[in-house]
Amino acid sequence: MEKLEHIGIAVKNLDKSNRLFTKLLGKLPYKTEDVPQEGVRTSFFDVGGIKIELLEATRADSPIAKFIENRGEGLHHLAFAVDTIEDKMKELSGEGFHLLSAEPKAGADNKMIVFLHPKATNHVLVELCTERVIGNQ
Ligand code: ZN
């Protein structure tokens, strides 16, 4: 893993939480983005190069809606930047980690992402992410 890229936090109301985190961090989110394929609306705050990603569900069947239903709002995932996501996926599969999808998916903030199953990571949802190359999905 290259670095901790961002920390994802599941929230019920993005506008409300944007105001809360703006007050807490003393800065505005640098972007708000819909990720329709994941059923989420996100916003990002940059805190010294590590980002806080707030995630609000936009559909009842969104993973964030399910997470909040089961566990309430709060810490949702840790995302680590990797150089070559396919290589890291292969490596971690070989180490016995279970990936939640066979292929990297387009995520928010111009990233390709994949999640590891939290059962093998002390129940912490871990995301691998890499910058998306424009023109390559
Ligand atoms: Zn994320």
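Every number for a ligand or one of its atoms is a count from 1 in the order of the listing.
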Return the orientation label for the [X] and [Y] ring planes: parallel under 30°, perpendicular over 60°, tilted otherwise.
| X | Y | answer |
| --- | --- | --- |
| Y30 | F44 | tilted |
| H117 | H98 | tilted |
| H76 | F67 | perpendicular |

Rounded distance [0.5 Å steps], CG in D15 versus CD in E56:
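With rounding to 0.5 Å, CG (D15) is 6.5 Å from CD (E56).
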Tell me the protein N, O or S atoms under 2.8 Å from the Zn ion (ligand 1), in chain and number order.
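Correct list: H6 NE2, E53 OE1, H77 NE2, E127 OE1.
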Salt bridge or not for K111 and E127, using N-O below 4.0 Å?
no
Please check: side-chain N/O of S101 versus main-chain N/O of E103, any donor-acceptor pairing under 3.5 Å?
yes
